Amino acid sequence: MIIVPIQTAQGDYQVMIERGIAARLGEIVRAEFGSPRIMIFTDSTVDELYGRTVQAGLRAANLDVSRFVFPAGEAYKTFRTVESALEILAEERFDRGDLILALGGGVSGDLAGFTASIYRRGIRFIQVPTTLLAAVDSSVGGKTAVDLPQGKNLAGTFWQPSAVYCDPDTFRTLPPQRIADGYAEIIKHGFIADEDYLIHLEKLPCWEDSLETTIERSIRIKAAFVAADTLDRNERRKLNFGHTFGHAIETVTGFAVSHGAAVAIGMVMASRLADRLGIAEVSLTERLEALLRKYGLPTEFAGGGGGSETFARAAANDKKSGAGKITFVLPVRAGEVRLTPFDIADLQKIFALAAE
Ligand SMILES: NC(=O)c1ccc[n+]([C@@H]2O[C@H](COP(=O)([O-])OP(=O)(O)OC[C@H]3O[C@@H](n4cnc5c(N)ncnc54)[C@H](O)[C@@H]3O)[C@@H](O)[C@H]2O)c1
Ligand SMILES: [Zn+2]
């Protein structure tokens, strides 16, 4: 088992990575948490695949376990889903000693974490990520969220899980596009913080090779940013590399482009912008593009949704904007990025520059 310690301003916990751990959580949870009642919080697809197995494993340790299942998809990352879960928790008289278990991708994790953070003003929750993206990104760091009609992740809290149990065997049922989504964040981690890690990714023969090590190294990188700046005021914002452009692409295309693909294109745009501004090392963009292609990710926006004006408008509504400024994360060299604020008034020019 690989153990990665996570330190945050809101408390410390561990990520445990081990094949098959999802079916064996009973004794582990008992040892760590005693005998709380547990609500497995999962979506319909993940429930079909792993819901009963995880529940059975917990019941084998005589734990009282129920499942809350919502329909799979970002469209259900809403207050309505949270409200249903809250009502069931209240109905079943869950108390503050009890536990929510997020089983699934980032949508389940964000919803379960948000629910845990507000039910009775906060109960404990644990994460069992079943997408690569959730394993290397959303299950660590304590950001929880729901979407509003006005935009993605516009309401949420910072609420840390009490533990994360990552079972790489569950990624076998993911379609290739979802694996690629995870690799977009993995490549991002390399670019913002660790050239050695980038070299590791460049050398890997295929995505499954050394998967546990890759996950561990990504989580360590994310963890360092979370430890330095849990509430996302300074350093942690570097994890948004590719995301301001990426979110604009997601918005403009009505989420037809997956998050990972949008972030991949967004990182290339940020790198080109850095190039044009003369702050990026020569051939950084080519290196980024080659790595993205290797993991099945796009490097160019295929079109649709309008020109730089439409993108600029979408980016201006980004939650990372404020006081007439928007901060971009621009690469300087492999393993180093810089937070650079721009005037929102210049956004259209920025998009035009980055798209060239
Ligand atoms: N909190 C954070 O720090 C953070 C960070 C990054 C992303 N996010 C959020 O995460 C979400 C994206 O995460 P995601 O891509 O994991 O989305 P997701 O949870 O919707 O999962 C993607 C799809 O894969 C299915 N799935 C999950 N595990 C599976 C498995 N093992 N086999 C087969 N299918 C499986 C799901 O049912 C879903 O249809 C977004 O809402 C994003 O905002 C949050
Ligand atoms: Zn992301």
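Source: prediction; values computed, not measured. Both counts, for ligands and for their atoms, begin at 1 and track the order of listing. Just the heavy atoms: all of them, side chains too, but no hydrogens, waters or symmetry mates, feed the values below.
Considering backbone and side-chain N/O atoms, L133 never comes within less than 3.5 Å of an N/O atom of ligand 1. At a 3.5 angstrom cut-off on N or O pairs, V140 does not count as close to ligand 1. Geometrically, ligand 1 and H259 share no nitrogen or oxygen pair separated by less than 3.5 Å. Taking distance alone, with nitrogen or oxygen atoms compared against 3.5 Å, T131 approaches ligand 1 more closely than that limit.
With a 4.0 Å cut-off on non-hydrogen atoms, Y50 touches ligand 1 through its side chain and not its backbone. In N153, the part holding a heavy atom less than 4.0 Å from any atom of ligand 1 is the side chain. At a heavy-atom distance under 4.0 Å, no atom of D181 approaches ligand 1.
Side-chain atoms of D229 come within 3.5 Å of backbone N or O of N234 as a donor-acceptor pair. Formation of a donor-acceptor pair under 3.5 Å by the E185 side chain with backbone atoms of L133 is not found in this model. Panel note: side chain D181, backbone G260; a donor-acceptor pair is recorded below 3.5 Å. Although no hydrogens or angles enter the test, the distance criterion places no donor-acceptor pair under 3.5 Å between the side chain of T157 and the main chain of W159.
From the protein, the heavy atom lying nearest to atom 20 (O) of ligand 1 is V107 CG2, 3.2 Å. Scanning the protein heavy atoms around atom 34 (N) of ligand 1, the nearest turns out to be L174 CD2, 3.9 Å. In this structure, the protein non-hydrogen atom closest to atom 24 (O) of ligand 1 is R178 NE, 3.9 Å. Taking atom 26 (N) of ligand 1 as the reference point, the nearest protein heavy-atom neighbour is V46 CG2, 3.8 Å. The nearest heavy-atom contact from the protein to atom 39 (O) of ligand 1 is A72 CB, 4.0 Å. Counting only heavy atoms of the protein, atom 42 (C) of ligand 1 lies nearest to K152 NZ, 3.5 Å. At the top of the distance list for atom 6 (C) of ligand 1, counting protein heavy atoms only, stands D137 OD2, 3.5 Å. Of all protein heavy atoms, the one lying nearest to atom 5 (C) of ligand 1 is S138 CB, 3.4 Å.
Taking a cutoff of 4.0 Å between a charged side-chain nitrogen and a carboxylate oxygen, K294 and E202 do not qualify as a salt bridge. A salt bridge links K238 with E235; the closest basic N to acidic carboxylate O contact falls under 4.0 Å. The pair K77-E74 meets the salt-bridge criterion, since a charged nitrogen lies less than 4.0 angstrom from a carboxylate oxygen.
Within the listing of ligand 1, atoms 30 (C), 31 (N) sit less than 4.0 angstrom from a heavy atom of T170. Remark: ligand 1 atoms within the under-4.0 Å shell around heavy atoms of T130 are 27 (C), 28 (N), 29 (C), 30 (C), 31 (N). For ligand 1, the atoms closer than 4.0 angstrom to any heavy atom of G105 are 16 (O), 19 (O). Within ligand 1, counting atoms from 1 as listed, the ones closer than 4.0 Å to a heavy atom of T45 are 37 (O).
Using 4.0 Å as the threshold, E74 has a heavy atom nearer than that to some atom of ligand 1. Taking a 4.0 Å cut-off on heavy atoms, K222 registers as neighbouring ligand 1. Every heavy atom of E185 sits 4.0 Å or more from the atoms of ligand 1. Heavy atoms of L49 approach ligand 1 to within less than 4.0 angstrom.
A distance of 6.0 Å or more separates the ring centres of F114 and F125.
In the model, T42 has no side-chain atom that pairs as donor or acceptor with a side-chain atom of Y50 under 3.5 Å. No side-chain donor-acceptor contact under 3.5 Å links K143 and N153.
Here the rule is side-chain hydrogen bond (donor to acceptor under 3.5 Å, both in side chains) with R19, and of T170, D167, D169 only D169 fits it. A side-chain hydrogen bond (donor to acceptor under 3.5 Å, both in side chains) with H200 is found for one member of T214, D194, T213 and no other, namely T214. Applying the ring-ring contact (aromatic ring centres under 6.0 Å, His included) test between F351 and each of F245, F342, F301 identifies F245 as the sole match.
Expressed to the nearest 10°, the angle at the Zn ion (ligand 2) joining OE2 in E185 with NE2 in H259 is 100°.
Nearest to atom 36 (C) of ligand 1 by heavy atom, out of T42, T173, D43, is D43.
A cation-pi contact links R37 to F94, judged by a cut-off of 6.0 Å to the six-membered ring centre and 45° from its axis.
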From CA spacing to verdict: salt bridge (charged side-chain N to carboxylate O under 4.0 Å, His left out), K325, D343: CA-CA 5 Å; K325 297 265 184 196; D343 285 332; 2.9 Å; yes
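For H243, the N, O or S atom with the smallest separation from the Zn ion (ligand 2) is NE2.
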